[in-house]
Amino acid sequence: QVQLAESGGGLVQAGGSLRLSCAASGRTFRSYAMGWFRQAPGKEREFVAAISWSGDNTDYADSVKGRFTISRDVAKNTVHLQMNMLKPEDTAVYLCAARPTPSRQSTLYAFWGRGTQVTVSS
């Protein structure tokens, strides 16, 4: 029903910035909250940030608070994750997901993108 595709990942030095994008297709995009998660090899999938369907309410993991910003561009059917002051521990595959309301629990999200790799060198 909702198709998601992440982009914008890459290799960056510690302290640098990247802007991830999640392009959504489907008529119901505006009715879904969006979340960003990340997963490193051998690690549990970790909540990063979430945004309400209206774009007015946001939530961040403590590990990224103050460094990452989630935003929503309704006109372009896109959700962004601006990542500043990147650290090596931010290295992971980043995935976007959609569900009716924001949540930190990955199992509650019904729709997922395929992910984009972010690698932060020290």
Side-chain angles (χ1 to χ4, degrees):
Q1 184 178 0
V2 178
Q3 307 295 319
L4 306 174
E6 303 93 338
S7 63
L11 175 64
V12 66
Q13 290 182 295
S17 298
L18 284 173
R19 183 177 173 86
L20 305 184
S21 298
C22 177
S25 61
R27 296 171 296 162
T28 61
F29 173 72
R30 296 185 184 185
S31 66
Y32 282 90
M34 301 294 298
W36 282 98
F37 295 80
R38 64 188 182 187
Q39 189 164 25
K43 301 292 182 65
E44 287 278 296
R45 185 166 294 180
E46 178 186 17
F47 168 77
V48 177
I51 189 168
S52 64
W53 67 268
S54 67
D56 294 328
N57 297 313
T58 58
D59 187 28
Y60 297 92
D62 289 340
S63 60
V64 307
K65 194 170 299 181
R67 299 188 299 121
F68 291 10
T69 302
I70 188 171
S71 61
R72 189 168 192 157
D73 188 334
V74 176
K76 296 183 179 180
N77 293 328
T78 303
V79 175
H80 301 286
L81 185 69
Q82 178 66 46
M83 306 186 296
N84 299 324
M85 301 176 65
L86 283 162
K87 306 174 181 179
E89 51 262 45
D90 294 320
T91 296
V93 172
Y94 283 71
L95 307 100
C96 67
R99 73 177 308 275
T101 57
S103 175
R104 295 188 173 193
Q105 190 170 341
S106 63
T107 55
L108 296 180
Y109 286 81
F111 305 102
W112 292 85
R114 299 176 70 88
T116 185
Q117 177 70 46
V118 171
T119 302
V120 184
S121 62
S122 59

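The chain is numbered in sequence order, starting from 1. Side-chain atoms are counted along with the backbone in the values below, which use heavy atoms only and exclude waters and symmetry mates.
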Working to the nearest 0.5 angstrom, can you tell me the gap between T69 OG1 and L81 CG? 8.0 Å
Kindly compute the distance separating CZ (F47) from CZ (R104), expressed to the nearest 0.5 Å. 5.0 Å
Short question: side chain of R38, backbone of A92 - any donor-acceptor pair under 3.5 Å? no
How about S63 and E89: do any of their side-chain heavy atoms sit closer than 4.5 Å? no
Looking only at side chains, do S103 and Q105 share a donor and an acceptor under 3.5 Å apart? no
Sub-3.5 Å donor-acceptor pair from the side chain of E6 to the main-chain atoms of L20, do we have one? no
Heavy atoms, side chains only, cut-off 4.5 Å: are V12 and M83 in contact? no
Heavy atoms of other groups near K43 NZ, more than 12 under 6.0 Å: no
Between Y109 and C96, is there a donor-acceptor pair closer than 3.5 Å when you use the side chain of the first and the backbone of the second? no
First locate atom CZ of R114, then atom CG of L95, and finally report the distance between them rounded to the nearest 0.5 Å. 10.5 Å
Hydrophobic cluster membership, V118 vs W112, 4.5 Å side-chain cutoff: no
Report the C-alpha separation of Q117 and T91 in whole Å, then their side-chain angles, then the decisive distance to 0.1 Å, and conclude whether the side chain to side chain contact (heavy atoms under 4.5 Å, CB included) test is met. CA-CA 8 Å; Q117 177 70 46; T91 296; 4.0 Å; yes
Main-chain N/O of A33 paired to S52 side chain as donor or acceptor, under 3.5 Å: no
Got a second to check how far W36's CH2 is from F68's CZ, nearest 0.5 Å? 11.0 Å
Within this structure, what is the CZ-OG distance for the pair R72 and S54, rounded to the nearest 0.5 Å? 8.0 Å
Salt bridge between K87 and D90, side-chain N to carboxylate O under 4.0 Å? no
Same hydrophobic cluster for L18 and V64, using side-chain heavy-atom links shorter than 4.5 Å among ILVMFWY? yes
To the closest 0.5 Å, what do you measure between OG (S7) and OH (Y94)? 15.0 Å
